[in-house]
Amino acid sequence: MAFGILATGAYIPRLRLQRRAIVDANRWFAPGLSSLGKGERAICNWDEDVITMAVEAARDATIGVDRNDIASLYLASTTFPFLDRLNAGVVAEALCLPEALSALDVASTQRCATSALAHALRGTDSSIVVAAEHRRTRAASAIELNAGDGAAAVVVGEGEPLARLVGRAHSTVDFVDHFRTAESEFDYQWEERWIRDAGYMTIVPPVIARCLAEAGLKASDVNHFCMAAMVPRVVNAVGKTAGIADAVIADSLQALCGDTGAAHPLLLLVAALERAKAGERIMVVGFGQGADALLFEVTGAAAAKGRLGCAGHLARRREETNYSKFLAFNDLIEIERGMRSETDKQTPLSSLWRNRDTVTGMIGGQCSVCGTLQFPITRICVNPNCNAMDTQEPHPFSRKTGRVNSFTADRLTYSPDPPACYGMVQFEEGGRWMMDFTDVEADKLEVGMRMRMMFRIKDVDAQRGFRRYFWKAAPAEAAEGSA
Amino acid sequence: MPTGIRDKVAILGMGCSKFGERWESDASDLMVEAFAEGIKDAGIETKQIDAAWLSTAIEEQHVGKSAVPLATALRLPFIPVTRVENFCASGTEAFRGAVYAVASGAADFALALGVEKLKDTGYGGLPQRGRGTLNNQTWPNLSAPGLFAQLGAAYRAKHDVSRDDLKRAMAHISVKSHDNAARNPKAHLRNRITMDTVLNAPLVADPLGLYDCCGVSDGAACAIVTTPEIARSLGKTDLVSVKALQLSVSNGLEAQHNSWDGSYFHTTRVAARRAYQEAAIEKPRDEISLVEVHDCFSVTELVTLEDLQLSGEGGGIADVLNGFYDADGTIPCQIDGGLKCFGHPIGASGLRMIYEMYLQILGRAGERQRKRTPRLGMTHNLGGFPHQNVCSIAIVGRYGD
């Protein structure tokens, strides 16, 4: 038994917008962006955000982990949907974490994930650190091309760790390379050359040196160097100054998903752990108003079976070439949504609270008399040969797979991504629900298709700025084993 | 074992407005239009009505809640008036209220009036209804075509039917209803269409295309009922009486229990069985002369005909394509054009169906009158969705038969 990183998970949205589509659409205005037109970036589906991605990454990380053992949840992001409502609280409810949980939203800097992980590693309790980012960017900006949406999660605690912390160092300075305020929608950034020279190159190498010194190791002992930076080639430059060779610098995932902002250092760490061998050392650096450096030694313990991780989620992909869809999903253009979209989506908060186990946790019931599984849990059993009263025990449905019993691709009802696909999903052990589908193509749907549950945005209440969440069915085959 | 409603109540008079896009009319105008015809037909005065029922479903689009709108529109003399709402079965529910009032002896004359004014929404198709606070959080943002389309998928899977065969039978159903409505001056859609038009129409929710979906209309219909004895005392000799009135409401089984396969209407089967028993009908396919089913979508009509035991299970497609349900077939279905073409002002639809049966049995259906006068007419409403609904069935026939 030892304290360290017990498990890791990742989530990268399935849609991958081809950068060429962004460049082509904007060439008339910003021809200078053409050089950034290679590869693809992960984009959230219309029903994904920081909370939903965090839930999926945490589910990926907790395969084989008893969630009842988790004492703390840290959720790191600079793009939380709620400013005053604990975003981590939604994630905790969706994961059915114990109520005695300590939960924090960690925000306001691109290094919030490494800071949260460093904090979790100071303790002795089990905790889960999740980072997710869904950045809004201006059309025809470099950041629109370089950024990607995604999430990563790390479980820390006592057990058989995948890696142990061997060194750490921090610095905090008010270096403003870019900022975003409560009033501003988008980042405002200073000159890249200044950010490189006065920022990264000045601030990061001393922190790396202190981290190595604490561990009693040399720069050449680092086998995987995980650092993210939007400024080109700066990671290699920092590495060179710190004595870290180009060969050990972790791939930025730029070609495959883009820079996931606050989540990116954690995502790079998760990816590195997927390929690192026993005895190797991984350094992860977070930068933003100072820097964090964390140095890990890999134990060689095996990761849980069935997790998709970073590699699995990168492989679960669908190419998207429609830039206008990306703009619409992110509310960057006003599209004519039609009168059917005007239906009031108000969520009575008292009802949401009362029904949180059903809505957020997807807890159904199992009748203790006849054994019938049913969703949602009710006072009277649905089995026509039973109908017993007050006999149902809570039974979780979110980790089940079901099969499509009937389905439709509805072109009449309002959907931000028509046609609206939904249908009756029948769970293999019992229970069923008429539910929304997500991450599907209408022409691929068929009766009998196996579906898994994914936590998604159900509706956006544009009038009040609220958004509500529920579970949707997505094809299971693309995500075998994910729970 | 209850004795049932058979022959305890007679229809004294009926009325029905013109259905359609009645841009010039408020719901109150439509109510008066149907009532004027009904009260004249009944041969009584407004002040003789002892109790009334108003059916309307999406009241927030027109009259608002309660029974006040009916009492006010007709200037009913401060009698008991009740508003009922049970999805698309609302019209038959109003009728049931009035019929039961007469059968109980509480009323000599009772009025059932259904109305819907749907064309003030600003867009085509049915407006989305409130679904309840919890349902809004867990149901898909579903539409009626999206859910009824799923019948098609499940029916095909169960009976091993190709999409083409299903589409052809559905198209025949719609072509037939347009043909029938062309002979009905009160119908909303009176144009004839071809199989090709239906089959090539844009999809609304696969396999339902534009012409597989019924019209959304404004309209009203009403019935005035009394006992057969009172009707006779008023000089009526040719009486149409109520033979059965049944209602079956989903209890969550279809939505939550895996015993339902999605290919049929559980409620319709239950309600039909009870209705035949109440009306003492043993062989529906041989005894029913006319049927009006809730053809909100062509696939609903197809599946319902089997659930009503008029076609054998899996036999609906062959019967439809063989013309069994055509106007000149063995059991005409939607001889007035049905929801598809007469139109579907929700609260009025059940009463509109009974109105057609009443006219046909009395030989008053004009150009579309069946030559061999029908003996027993059956109406069927289905409100809600295949996996969660309200089904009402009425059987009316010649009194004394």
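Chain A is the first sequence line, chain B the second, and so forth, proteins listed ahead of strands; every chain is numbered from 1. Excluded from the calculations below are hydrogen atoms, water molecules and symmetry mates; all remaining heavy atoms, backbone and side chain alike, are included. This one's a predicted model, so the numbers in the text were calculated from it and none came from an experiment.
- In this structure, no portion of L210(B) lies under 4.5 Å from any heavy atom of chain A.
- Chosen from D344(A), N405(A), V447(A), N383(A), the residue pairing most often with chain B at heavy-atom distances under 4.5 Å is N383(A).
- Comparing G262(B), A255(B), P386(B) by heavy-atom pairs within less than 4.5 Å of chain A, the highest count is held by A255(B).
- The shortest side-chain heavy-atom distance between H257(B) and Q374(A) does not fall under the 4.5 Å cut-off.
- Residue M389(A) qualifies as open at atom CE: its count of foreign heavy atoms under 6.0 Å is 12 or below.
- Across W260(B) and M424(A), no two heavy atoms sit closer than the pair CZ3-CE, 4.3 Å.
- For R432(A) against N258(B), the heavy-atom pair with the smallest separation is NE-OD1, 2.9 Å.
- Evaluated for a side-chain contact (heavy atoms from CB on, under 4.5 Å) with P145(B), the options T408(A), T413(A), L412(A) yield exactly one hit, L412(A).
- Of the possible polar contacts, one joining the K458(A) side chain to the W139(B) backbone as a donor-acceptor pair under 3.5 Å is found.
- Looking at Q256(B), its side chain does come within 3.5 Å of a backbone N or O of F375(A) through a donor-acceptor pair.
- Around the CG atom of D443(A), the shell of radius 6.0 Å holds more than 12 heavy atoms that belong to other residues, nucleotides or ligands.
- With chain B as partner, the option from M435(A), K472(A), E446(A), M362(A) having the largest number of non-hydrogen pairs under 4.5 angstrom is M435(A).
- Considering only heavy-atom pairs separated by less than 4.5 Å from chain A, the leading option among G252(B), A205(B), G146(B), A157(B) is G146(B).
- Heavy-atom minimum distance, Y422(A) versus S143(B): OH-N, 3.1 Å.
- Interface summary for chain A: among T121(B), L253(B), L142(B), the most heavy-atom pairs under 4.5 angstrom belong to L142(B).
- In terms of heavy-atom pairs under 4.5 Å with chain A, the best-connected choice from C213(B), G122(B), P127(B) is G122(B).
- At a 4.5 Å heavy-atom cutoff, the contact between H387(B) and chain A is made by side-chain atoms alone.
- In this structure, L147(B) and M434(A) have side chains that are in contact, with non-hydrogen atoms separated by less than 4.5 Å.
- In this structure, no portion of A420(A) lies under 4.5 Å from any heavy atom of chain B.
- Options T133(B), V204(B), N141(B), N136(B) differ in how many heavy-atom pairs under 4.5 Å they form with chain A, and the most are formed by N141(B).
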